[in-house]
Amino acid sequence: MKGKLSFFLNSLLGRLILGLLLIQLIATPIFSTVLYTQISLSLSEQFIDSIRSSAGSIFNAVSFEGVDNKAVVDVLDEAILSGQVISAHIKLSNGNIINSKLHDQDPSNVHLEDLKFGQHNDNQFVIKLLISSANSELWLIFDEEPTKEAIQDTLYKIITVSLFYTVLSVLFAAYWGKRITRPLRALIVQAKKVTDGEYHHQLSVDSSLVDIQELLFSLNYMRSHLVDNAKNLEQQALHDYLTGLPNRALLNDRINQAIVFCDRSKKSFKLLLIDLNKFKPVNDTFGHLAGDKILQECAQRFKNSLRSSDTISRLGGDEFAVIIENADDDHALIVAQSLSDKIKQPFEVGNNKVTISCSIGIASYPRDAQDLSTLMHKADVAMYDAKATNSDCVFYNLKLDRALEKELMFDNEFTEGIKNKEFICYFQPKVNIQHGRISGAEALARWNHPTRGLVQPNDFISYAEKNNKINELTELLFSYAFKTYAPLIIENNQLRLAVNLSTYCFSDENIANCIHKILKQAQYSPNYVDIEITETGAFHDFFKAINILDELRSKGMRIVIDDFGTGHSSLTNLIQLPVAELKIDRSFIANMLSDKNDMAIVKAIIEMAHNMDISVVAEGVENQEQLSKLIELGCEEAQGYFFAKPMPIKELIQWQKNFSWENYSQS
């Protein structure tokens, strides 16, 4: 019963009747209330007008000089006999009462004077009139009950008419609703037959309504195209639109079928996940149409390398999957290597030839997994390792899972470290060795890990760069460095702070404004900031780098090339960069006294830099002999363990207070 009621209320007919009832429930009470109010107000006003007229007549009859009790009593009796007045009396100035003989109501029980109809809820309307000539009061009591009965009768009539109107409206809606829904129901029945595969008969319905006829035409038009569309839909649902290969849905079905077959026959199969390498740069360079052609060619090469019993599928983007049935590891390796070799062959894109490669992960059923989802995951883990190790193909093993788990754990710890601001800076001083004074310091990143202790930058910087988290880390470290180093600037305005900027930060064109904003928040002048970038980093994307570096210099910061001599930059490019300082890499300083080639390189860098009005800093100075030779060669600054290791800011401040050049120049 409940289900039928729910079905009816959700049907078109039910909605029509329910909608009409809702309208009636809202509109009828409002209309009835307004009508009742108007009628009751009109009747009460008529009552008031009538009694005022009667009261006026009685008042005129009893207003006289002196009091004739008999004449007054007669007037009062006549008023009561009229039927409207139920009690009347005159209260004289001396307190005596002249009462009607036809009513024995005690004058002392007279209520207060009424000001409106229905006041005091006693079915009586009391009027008091002052007879000034006799200094007395005329009290008249009129009967409100007939008028109230008339108002009540009006209410009953309004309710009766409203109910009749509502019922009539519902019946009318039900009648026309059935005329509309009956052909619709007939169409629904026929449409269900179409969905069951009965396409060969025209839909028909008996209705003169234009809308129904249009709906019938549209349904027949749809039916006529269902057969052709069904074939196209099946193709689109189970195959990739670009390559025509089975898609993920069909691949999953084939894997499930292979699992059932292997369980019955006690055999195995291999799942290969393939990801193209260097496809995105090609796609970005030559356009999406060229990329689509390469994907189509890859699909064809894969198909040509496989048996007819194997399944090749495109999962999306540049990812493919292969099912190799009844294959051992050796056969799977041969197939994977063949697929890789095919992809390495050049592709023709217009007049150009481009080369790409692929990374393949291999998982075995049932050895590595016993269900579809896990098997896909294992193959994906192997493919990820192949990509990370630049291998053509990798078989899944438990060590890969542990490595991935370790990486995921590191990722979570890194994210928490950023959130909890666990990354700090140590500071290594820089010394002007020509003038024997402290010239500044370099901020070096450290991770104050809650369980591992102090983590060195080599263990997390490369991770941050590869996982697009370097900008967030840079912002955190820069903010810490500037705020922490500020006290040294206050004491000595010549102490500069050098901060390292990763080449990966150049992908953000707004990096210069970001750094300037951090400086402003830390209330740190950009005139005391050195931005250090590696030589290889500066030329990773030369034209973007030079624009960003020019912007940083325009804001007051100096540009320093770090680890100079280890990169592959040309002197022509170096001239175009806004460089103020070069830092000779520690590898040359370490062996310059024993290796004449390193000594020649150090001399050449210093001479070249000075000829370009660029100052030089030597990194990794560890003894007096190195320091003396660098002073002799004209190197301006040096830093290294000979002076001090990287240290927290408090230790640096104390070191700066105790610094004496004599302790180093005479060692």
Side-chain angles (χ1 to χ4, degrees), residues 232 235-251 254 270-324 327 331-362 376 379-380 382-395 466 468 503-504 506-507 536 539-544 568 570 573:
N232 294 332
Q235 176 70 18
Q236 294 173 12
L238 299 176
H239 293 79
D240 175 53
Y241 74 96
L242 180 64
T243 62
L245 297 177
N247 61 12
R248 185 183 293 270
L250 185 53
L251 174 72
R254 296 276 178 88
K270 299 293 187 292
L271 174 65
L272 283 61
L273 286 188
I274 307 170
D275 187 79
L276 302 182
N277 301 320
K278 301 179 182 179
F279 174 75
K280 186 178 184 303
V282 173
N283 200 42
D284 293 342
T285 302
F286 296 100
H288 293 291
L289 291 178
D292 289 346
K293 289 182 179 179
I294 290 177
L295 290 174
Q296 291 170 338
E297 179 64 24
C298 285
Q300 191 59 46
R301 293 184 185 183
F302 286 146
K303 288 177 66 175
N304 294 340
S305 302
L306 296 170
R307 302 171 302 184
S308 59
S309 59
D310 299 330
T311 298
I312 172 69
S313 166
R314 183 188 176 210
L315 302 181
D318 57 357
E319 291 185 328
F320 296 83
V322 175
I323 303 173
I324 307 177
H331 179 69
L333 182 60
I334 293 173
V335 172
Q337 193 60 56
S338 174
L339 296 175
S340 178
D341 292 341
K342 290 286 187 181
I343 295 302
K344 289 179 181 178
Q345 296 176 11
F347 292 83
E348 292 187 3
V349 179
N351 297 324
N352 301 296
K353 289 187 176 182
V354 298
T355 56
I356 61 175
S357 61
C358 65
S359 300
I360 304 175
I362 307 173
M376 291 286 287
D380 190 58
M383 185 270 291
Y384 179 83
D385 186 71
K387 187 175 288 288
T389 57
N390 293 321
S391 304
D392 289 341
C393 60
V394 169
F395 282 89
K466 292 179 181 178
N468 297 322
T503 176
Y504 288 84
F506 289 140
S507 60
T536 51
F539 296 95
H540 180 71
D541 188 340
F542 177 75
F543 295 105
K544 180 179 285 187
H568 308 284
S570 67
N573 288 341

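Note: hydrogens, waters and symmetry copies are ignored here, and every other heavy atom, side chains too, is used.
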How many angstroms lie between [atom1] in [X] and [atom2] in [Y], if you round to the nearest 0.5 Å?
X	Y	atom1	atom2	result
Ile356	Leu276	CD1	CG	4.5 Å
Asp310	Phe302	CG	CZ	13.5 Å
Ile274	Ser340	CD1	OG	9.0 Å
Leu339	Cys358	CG	SG	7.0 Å
Leu242	Gln296	CG	CD	4.5 Å
Leu251	Asp240	CG	CG	12.0 Å

So which heavy atom on [X] is nearest to which on [Y], and how close?
X	Y	answer
Val394	Ala382	O-CB, 3.4 Å
Ser305	Lys342	OG-CG, 3.2 Å
Phe347	Ile294	CE2-O, 4.0 Å
Leu295	Asp318	CD2-CA, 4.2 Å
His239	Gly244	CD2-O, 3.4 Å
Val349	Ala290	CG1-CB, 3.6 Å

Under the side chain to side chain contact (heavy atoms under 4.5 Å, CB included) test, residues paired with [X] that sit two or more places apart:
X	value
Asn277	Asp275, Ser357, Ser359, Lys387
Ala336	Leu272, Ile360, Ile362, Cys393
Glu348	Lys353

Next on the checklist: Does Lys303 form a side-chain contact (heavy atoms from CB on, under 4.5 Å) with Leu245? I'd like the steps, not just the answer.
Outcome noted: CA-CA 9 Å; Lys303 288 177 66 175; Leu245 297 177; 3.5 Å; yes

Checklist entry - Taking 4.0 angstrom as the limit, do Lys293 and Glu297 come out as a salt bridge? => result no

Checklist entry - Hey, does the side chain of Glu319 reach the backbone of Leu273 with a donor-acceptor pair shorter than 3.5 angstrom? => result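 No: the side chain of Glu319 does not pair with the backbone of Leu273.
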
Checklist entry - Between the main-chain N or O of Gln345 and the side-chain N or O of Arg301, is there a donor-acceptor pair closer than 3.5 Å? => result yes

Could you tell me if [Y] and [X] have a donor-acceptor pair between their side chains, going purely by distance under 3.5 Å?
X	Y	value
Thr243	Arg314	no
Gln337	Asp341	yes
Gln300	Asn304	yes

Checklist entry - Can you check side-chain contact (heavy atoms from CB on, under 4.5 Å) on Val322 and Lys270, steps first, answer last? => result CA-CA 8 Å; Val322 175; Lys270 299 293 187 292; over 6 Å; no

Item to check | side-chain contact (heavy atoms from CB on, under 4.5 Å) evaluation trace for Thr355 with Lys344 | outcome: CA-CA 6 Å; Thr355 56; Lys344 289 179 181 178; over 6 Å; no

Checklist entry - How about Tyr384: does its OH atom have over 12 heavy atoms from other parts shown lying under 6.0 Å from it? => result no

